[in-house]
Each structure stands twice: as C-alpha cells, then as structure tokens.
Amino acid sequence: APTELQVSQYLAEAGGPDGKVTSDQVLSFCVRTGKDESTLEELSLFFAPFDPDEKGLVPKHVFRNLMTNVGECFSAEQVDEMIADICAGADEIDYKNFLSVILQR
C-alpha cells in the first residue's frame, strides 16, 4: 500500500484542473508503488478465492465489489473505467490479464 507521502505525490503529479485522476494514472501509481513488492502470482492470490476453477476469471460483479470495497478502494466511476478498458462487454474479468497489464505500466 502506498504511504501518505506517496499518495500526496501522486495527486500532485496527476494535477488535472478538476482534481480528478484517470484510471490509467491510478494503474500507473499502483505499479510504481508495488512493482518491487508483488509478482503476478502474488497479486493473483487476491482473486483466487473467487476463481475456484483456476481459470483466471472472476465475475464482473465480484471484480467491481473487490475494487470498491477492499484495500485502497476505487470509486465506482474509476472501476467502470477499468472494466471498460479490460473487459469488452464480457461477463467475466480476466484478472490475470488485468494484473499483467498493470504490472507492465
């Protein structure tokens, strides 16, 4: 998790006139904060309880719930952006692909 100082720095960097942060900026911040700390396998463990068949997929509503209620919570609008970026109309989220993308940023 980012420190308060990191969060302040990230918000200053985002610096949009309306004070809003885009989903790409959030993903970039996540990667920069945890890149040295977490691997794809470690991050995948977060989703594992919701993927009993180990297919790398979770229902869209589960992904939304996790992103808005667990850990550093994202707003509903931010999660909507993430879903639009990673899930072209599908009912399930390929969380391993999602994690791979954010780890590469």
Side-chain angles (χ1 to χ4, degrees):
T3 64
E4 290 294 322
L5 177 61
Q6 286 172 315
V7 171
S8 296
Q9 290 171 337
Y10 297 157
L11 290 174
E13 286 176 31
D18 57 5
K20 293 184 178 179
V21 179
T22 68
S23 63
D24 283 340
Q25 289 170 314
V26 170
L27 294 175
S28 172
F29 300 155
C30 290
V31 170
R32 288 175 32 203
T33 301
K35 189 167 189 141
D36 296 333
E37 299 170 13
S38 300
T39 65
L40 176 62
E41 293 76 27
E42 291 168 334
L43 293 172
S44 293
L45 292 174
F46 178 74
F47 293 98
F50 308 99
D51 181 20
D53 298 329
E54 298 179 5
K55 292 182 179 181
L57 302 170
V58 293
K60 192 185 303 185
H61 72 277
V62 169
F63 181 86
R64 180 183 306 282
N65 187 43
L66 290 170
M67 295 294 110
T68 57
N69 294 301
V70 178
E72 288 289 324
C73 301
F74 294 97
S75 71
E77 293 80 18
Q78 290 169 320
V79 174
D80 288 342
E81 262 187 68
M82 284 184 226
I83 290 172
D85 289 346
I86 61 172
C87 158
D91 290 332
E92 294 182 306
I93 303 289
D94 182 336
Y95 65 85
K96 290 187 179 184
N97 182 54
F98 168 72
L99 295 171
S100 293
V101 170
I102 65 168
L103 287 172
Q104 290 175 5
R105 291 187 180 189

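Here the structure is a predicted model, which means the values were calculated and not measured.
One distance of note links NE2 of His61 with CZ of Phe50; it measures 10.0 Å at 0.5 Å rounding. In this structure, CG in Leu99 is found 9.5 Å from CZ in Phe46, a value given to the nearest 0.5 Å.
Contact record, Leu40 with Lys96: CD1-O, 3.8 Å, taken as the closest heavy-atom pair. The shortest heavy-atom contact between Thr68 and Val79 is CG2-CG2, 3.5 Å.
Leu45 and Val58 end up in different hydrophobic clusters when Ile, Leu, Val, Met, Phe, Trp and Tyr side chains are linked at under 4.5 Å. A continuous path of Ile, Leu, Val, Met, Phe, Trp and Tyr side chains, each step under 4.5 Å between heavy atoms, connects Phe74 with Leu43, placing both in one hydrophobic cluster. Residues Ile83 and Val62 fall within the same hydrophobic cluster, defined by Ile, Leu, Val, Met, Phe, Trp and Tyr side chains chained together at heavy-atom separations under 4.5 Å.
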(message) I'd like to know whether Asp85 forms a side chain to side chain contact (heavy atoms under 4.5 Å, CB included) with Val101, so could you lay out the CA-CA distance, the side-chain angles of the two residues, the decisive distance to 0.1 Å, and finally the verdict.
(response) CA-CA 11 Å; Asp85 289 346; Val101 170; over 6 Å; no

(request) Please step through side chain to side chain contact (heavy atoms under 4.5 Å, CB included) for the pair Phe63 and Ile86, ending with a clear verdict. (result) CA-CA 11 Å; Phe63 181 86; Ile86 61 172; 4.0 Å; yes

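Contacts of Asp94 classified as side-chain hydrogen bond (donor to acceptor under 3.5 Å, both in side chains), with partners at least two apart in sequence or in another chain: none. In this view, Ser75 and Glu77, Gln78 satisfy the side-chain contact (heavy atoms from CB on, under 4.5 Å) rule, not counting sequence neighbours.
The aromatic rings of Phe47 and Phe98 stand perpendicular to each other, their planes meeting at an angle above 60°, with 30° marking the opposite boundary.
For residues 56-70, the pairs satisfying salt bridge (charged side-chain N to carboxylate O under 4.0 Å, His left out) are Arg64-Asp80, with sequence neighbours left out.
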